[in-house]
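Some notes on the structure that comes next.
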Amino acid sequence: LGFLDLRPAADMALAVVVVVLVLAVSHSHAADDTDAPPNILFVLADDCGYNDVSFHGSEIQTPFLDSLVDSGVHLANYYGHMICTPSRSALMSGRYASHVGLQHSFLNYGQDIGLPLKFKTMANHLQENGYSTHMVGKWHLGFSAWNQTPVFRGFESYFGYLGGGEDYYTHKASGYLDLTENTSPATNYTGNYSAELFTNKAIDVMTKHVEGNASKPLFLYVAFQSIHSPLQCPEEYKTNYSWITNPNRRTMAGMATALDDSVSRLVDGMKANGLWDNHVFVFAADNGGPPYVANSNYPLRGGKWTIWEGGTHLAAFVHGTKLPAKKNFTGLAHHIDWVPTLVAAAGGVLNDTVLPPMDGLNLWPALTSPTDVTGPRTSVIMNVDQTNQQVLNDPHGWSGYAAIRSGQYKLVLGDPGTPNGWCWPNQNRTVCNGYDQDCTLDGSASMPQHISCAFNGTVPDDRSTPMLFDLQADPGERIDISGTRPEVVAKLRQELDVYINSAVPPLNELPSERKADPRSNPNLHGGVWTPWL
């Protein structure tokens, strides 16, 4: 202060102006950083069951995912479709699979079918809003022609496999390589476990982005092979679960923990490259786990391939710089919501006029709110699938299935699918709740971990016999209350009919449509799965 007092008045005034300008510029930069679009890392876990992660009480340990849930927003009522392709089409397009024609089944190798080109993907929308967009991992939305593949659907780079499943180490499906880098076969990765390989490639994307394109925010979609069959993981991960008696479940546990370690490395990569300072991180399963492989959705009923809760009610959470910590979001959410939600998180504009219109809702205001735990969504569709040449509204017998959750109630039409029991409860339980199918007759807790997931009851096979469940009171779908709540059945049938009547025919409905094009034979393409048209 004494020093300033000795300075001429003009110098003193100049110093004040400089200080004010410096403070103003600093404040401006801080505001710019605060308002800047976040870097988005989206991790999709393949076939991860509701009870295959420890943040849902599983015996399988996923400590890093748990830590992100504890400091982020848990999505307690998050839904998708029942298998790979339908769920991924919903995620990428923002539309229910029944509105894009991919509701019926997964895409087999050699099928000339994919997500219709008229639909923009999540990557297209973020790219339009200034993002650098990249993908690593499983595509499974068609690859008969190059224009169906990621680098022609909004992603600037791609490394992964185009089909539905393969060996974790050889990267072969049916004996042929399915591993692509942009538009070329990736031939030098035999022996690399896919979770580790995809993590390394994703971190390379982060590093290259910062080095060459740092002026843009990053969108990185990492669709892991884990924890889809086949049951494979590095031996040390299985050793950690030597106490699990069932060998298949033991390997599945190792696969899930290996995935957890890979996600930890991804986040370390984000931090090392300065991308975590302003981020949104999403973790979600694509569909429920298949109990017949060794996945657990317990205490939910059923699993993959079914529209029971075990096939469609998924493990998911979101973490971000602007999101509250330790928030349990109990509102409904679905794969379809991420396109509008992430565009909103980016401060962008959603430009989509293709029909049918987008089904997704913007959840960003609710997710960022410290108090809103319900959000705008009041219902979700599990699926609408005709499965044959009849229409679902045909009252004369079997014609597919459909299901809706509206508030706390769920209405199911048709046969929801099998397995339809309650499978793979934790091995080291101390209580038998009376519902577990593997409980001993005396109700003791000393029981085998897994016997059968079949259910001896009957389920309807036509639209005239609905089932209704109160998921708030009965999350395991054990008690059909349709006979005592006809007014709720009528209300939900009216809501569901809107989606039944607006469903487009499945692109791969008929057996003839599911046959492989002989031109896709890898022997005609150097022994690799690659576009053939």
Side-chain angles (χ1 to χ4, degrees), residues 44 46-47 80-125 127 133-166 171 173-174 176-186 221 223-225 228 286-287 335-336 339 354 356 383 385 503-522 524-525 528-533:
L44 194 68
D46 201 351
D47 281 8
H81 295 310
M82 71 297 173
I83 51 173
C84 306
T85 297
S87 273
R88 290 161 199 267
S89 71
L91 177 65
M92 283 292 114
S93 72
R95 292 165 171 81
Y96 289 120
S98 55
H99 285 158
V100 302
L102 292 175
Q103 67 269 47
H104 180 54
S105 185
F106 64 88
L107 297 184
N108 265 323
Y109 284 90
Q111 285 185 276
D112 180 18
I113 297 172
L115 178 65
L117 298 177
K118 70 176 183 176
F119 296 112
K120 294 179 183 179
T121 67
M122 180 185 292
N124 290 130
H125 287 291
Q127 200 171 51
T133 57
H134 303 269
M135 179 179 174
V136 175
K138 175 177 173 176
W139 176 238
H140 211 190
L141 287 173
F143 69 96
S144 62
W146 282 114
N147 63 359
Q148 292 180 333
T149 65
V151 292
F152 295 90
R153 303 300 302 263
F155 292 99
E156 296 167 30
S157 74
Y158 172 66
F159 182 94
Y161 61 110
L162 296 167
E166 59 185 13
H171 313 294
S174 301
Y176 300 102
L177 182 71
D178 180 8
L179 197 62
T180 297
E181 187 159 17
N182 296 324
T183 57
S184 301
Y221 171 46
F224 279 104
Q225 180 177 3
H228 194 286
D286 62 339
N287 45 254
H335 285 324
I336 57 174
V339 169
V354 175
N383 203 14
D385 183 12
V504 301
L507 294 172
N508 59 345
E509 178 180 5
L510 302 177
S512 60
E513 296 167 335
R514 297 195 291 273
K515 291 182 179 178
D517 185 335
R519 294 171 293 178
S520 69
N521 190 329
L524 303 175
H525 307 284
V528 300
W529 290 107
T530 192
W532 63 93
L533 297 178

Is there a donor-acceptor contact under 3.5 Å from the side chain of [X] to the main chain of [Y]?
X    : Y    : value
H525 : R519 : yes
K138 : G160 : no
T85  : H140 : yes
N383 : Q103 : yes
R153 : L141 : no

Under the side chain to side chain contact (heavy atoms under 4.5 Å, CB included) test, which residues partner [X], sequence neighbours left out?
X    : answer
T183 : W146, V151, F152
A186 : F159, L179, E181, Y189
V528 : L177, P185, T530
V504 : none

Approximate separation, where rounding is to 0.5 Å, of [X] [atom1] and [Y] [atom2]:
X    : Y    : atom1 : atom2 : answer
M122 : F155 : CE    : CZ    : 8.0 Å
D385 : S98  : CG    : OG    : 9.0 Å
T180 : L162 : OG1   : CG    : 4.0 Å
D517 : N108 : CG    : CG    : 13.0 Å
H335 : S93  : NE2   : OG    : 11.0 Å
H228 : E166 : NE2   : CD    : 10.5 Å

Looking at every non-hydrogen atom in both residues, tell me the closest pair between [X] and [Y] and how far apart they are.
X    : Y    : value
Y158 : G137 : OH-O, 2.8 Å
G165 : A173 : O-CB, 3.4 Å
S87  : G80  : OG-C, 3.9 Å
G110 : W532 : O-CZ2, 3.4 Å
S89  : V100 : OG-CG2, 3.8 Å

Have a look at S157 and tell me which of T133, V136, N182 forms a side chain to side chain contact (heavy atoms under 4.5 Å, CB included) with it.
N182

Got [X] and [Y] here, is their nearest side-chain heavy-atom distance under 4.5 Å?
X    : Y    : value
L102 : I113 : yes
Y109 : Y176 : no
T121 : Y221 : no
L507 : P116 : yes
W529 : Y161 : no

Ionic contact status for D46 with R88, cut-off 4.0 Å:
yes

Which residues share a side chain to side chain donor-acceptor pair (under 3.5 Å) with S144, sequence neighbours left out
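D112, Q148.
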
Pair C84-N287, side chain to side chain contact (heavy atoms under 4.5 Å, CB included): steps then yes or no:
CA-CA 7 Å; C84 306; N287 45 254; 4.1 Å; yes

Residues that F119 engages under ring pair (Phe, Tyr, Trp, His ring centres under 6.0 Å), provided they are two or more places apart
none

